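For this chain, numbers begin at 1 and follow the sequence in order. Because the structure is a prediction, the values reported are computed rather than measured.
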Amino acid sequence: MSDRRSVEALPGTWRRRAKALRRYGSEPPAVTLERCAAELEDTIVERDEATYSLVEASRESGYSADHLGRLVRDGKIPNAGRPGAPRIARRDLPRKAHVPAEPRLAEEPRRRDVSNAQIVQSIIERGIE
């Protein structure tokens with residue numbers, strides 16, 4: 001797997017790490033990673049189910065509201081709204097090549113590098129809120 005991971009890939013990565021932690025008798029950190037994975041998956045689903053007006057969808061996708069409206073009318077994109085007031089679900093948005101769907105984790109600015117062990121230790125010490 002590439003070092004550049006998308007947000008969507010993290011829950012699976014965290015579950016594999018939890019499984020490895022369990023093999024070495026580290027149950028509490030394993031449970032913590034599994035809970036984080038479940039919460040992130042729920043957040044991803046909620047995000048993808050969000051709907052946008054044509055104007056909002058235009059800003060997100062890089063396509064004009066008129067073009068998106070045509071795609072909805074032609075049935076190329078499902079209408080998540082109602083007739084006369086179309087909406088587009090985030091998961092169905094087309095995206096121009098220069099408009100990234102999500103920033104990749106490796107491209108996000110970081111104040112400092114933090115190891116996975118430090119992240120897990122911080123979660124264990126502070127708990128999940």
Side-chain angles (χ1 to χ4, degrees):
M1 183 176 227
S2 167
D3 286 337
R4 295 178 156 206
R5 294 187 176 102
S6 70
V7 172
E8 287 80 3
L10 279 175
T13 299
W14 291 347
R15 284 193 174 92
R16 285 190 296 280
R17 289 182 181 160
K19 187 176 180 181
L21 284 168
R22 270 201 183 86
R23 280 196 307 260
Y24 294 102
S26 296
E27 184 66 20
V31 169
T32 300
L33 277 175
E34 288 170 341
R35 287 180 183 161
C36 290
E39 287 178 17
L40 181 55
E41 281 177 335
D42 290 345
T43 301
I44 290 168
V45 167
E46 188 177 306
R47 178 202 65 189
D48 287 346
E49 289 177 356
T51 63
Y52 299 108
S53 69
L54 295 180
V55 172
E56 293 165 333
S58 174
R59 282 193 296 264
E60 281 285 314
S61 70
Y63 288 99
S64 72
D66 289 338
H67 178 68
L68 293 170
R70 272 191 303 280
L71 293 175
V72 170
R73 278 191 304 278
D74 294 345
K76 294 179 180 174
I77 297 177
N79 184 357
R82 61 184 197 283
R87 294 186 70 79
I88 300 174
R90 185 179 192 284
R91 71 179 163 273
D92 296 324
L93 275 179
R95 297 194 186 270
K96 285 196 173 181
H98 68 281
V99 178
E102 280 293 316
R104 306 228 316 114
L105 293 181
E107 296 169 357
E108 292 180 5
R110 296 186 287 193
R111 292 186 187 162
R112 62 188 172 110
D113 289 328
V114 180
S115 73
N116 292 331
Q118 289 170 312
I119 293 169
V120 171
Q121 187 61 38
S122 174
I123 291 170
I124 291 168
E125 289 172 358
R126 297 178 189 176
I128 298 175
E129 298 180 344

With rounding to the nearest 0.5 Å, note down the distance linking CG in D42 to CZ in R47. 13.0 Å

With a 4.5 Å cut-off on side-chain heavy-atom distances among I, L, V, M, F, W and Y, is there a chain of contacts connecting L21 to L40? yes

Using side-chain heavy atoms (C-beta onward) and a distance below 4.5 Å, is E8 in contact with I44? yes

Checking K19 against E34 for the salt bridge (charged side-chain N to carboxylate O under 4.0 Å, His left out) test, could you report, in this order, the C-alpha distance in whole Å, the side-chain angles of both residues, the deciding distance, and whether it holds? CA-CA 9 Å; K19 187 176 180 181; E34 288 170 341; over 6 Å; no

What pair of heavy atoms forms the shortest contact from A89 to A80, and how long is it? N-CB, 3.9 Å

Rounded to the nearest 0.5 Å, what separation is found between the CG atom of D66 and the CG atom of L54? 8.5 Å

Partners meeting side chain to side chain donor-acceptor pair (under 3.5 Å) with S53 (sequence neighbours left out): E56

N/O donor-acceptor pair under 3.5 Å between S26 side chain and R22 backbone: no

Heavy-atom closest pair, residues G84 and P86: C-CD, 3.6 Å

Does either side chain, that of R35 or that of T32, offer a donor lying less than 3.5 Å from an acceptor on the other one? no

My understanding is that only one of V72, L71, I77 makes a side chain to side chain contact (heavy atoms under 4.5 Å, CB included) with D92; could you say which? I77

Look at the side chain of R90 and the backbone N and O of T51, then say whether any donor-acceptor pair between them is shorter than 3.5 Å. no

Do K76 and R70 have side chains that approach each other closer than 4.5 Å (heavy atoms only, starting at C-beta)? no

Nearest heavy-atom approach of P94 to S61 is O-CB, 2.9 Å

Ignoring hydrogens, what is the shortest heavy-atom contact between R82 and N79? Give both atom names and the distance. O-ND2, 3.5 Å

Crowding at CZ, R23 (>12 non-hydrogen neighbours, <6.0 Å): yes

From CA spacing to verdict: salt bridge (charged side-chain N to carboxylate O under 4.0 Å, His left out), R15, E41: CA-CA 12 Å; R15 284 193 174 92; E41 281 177 335; 2.9 Å; yes

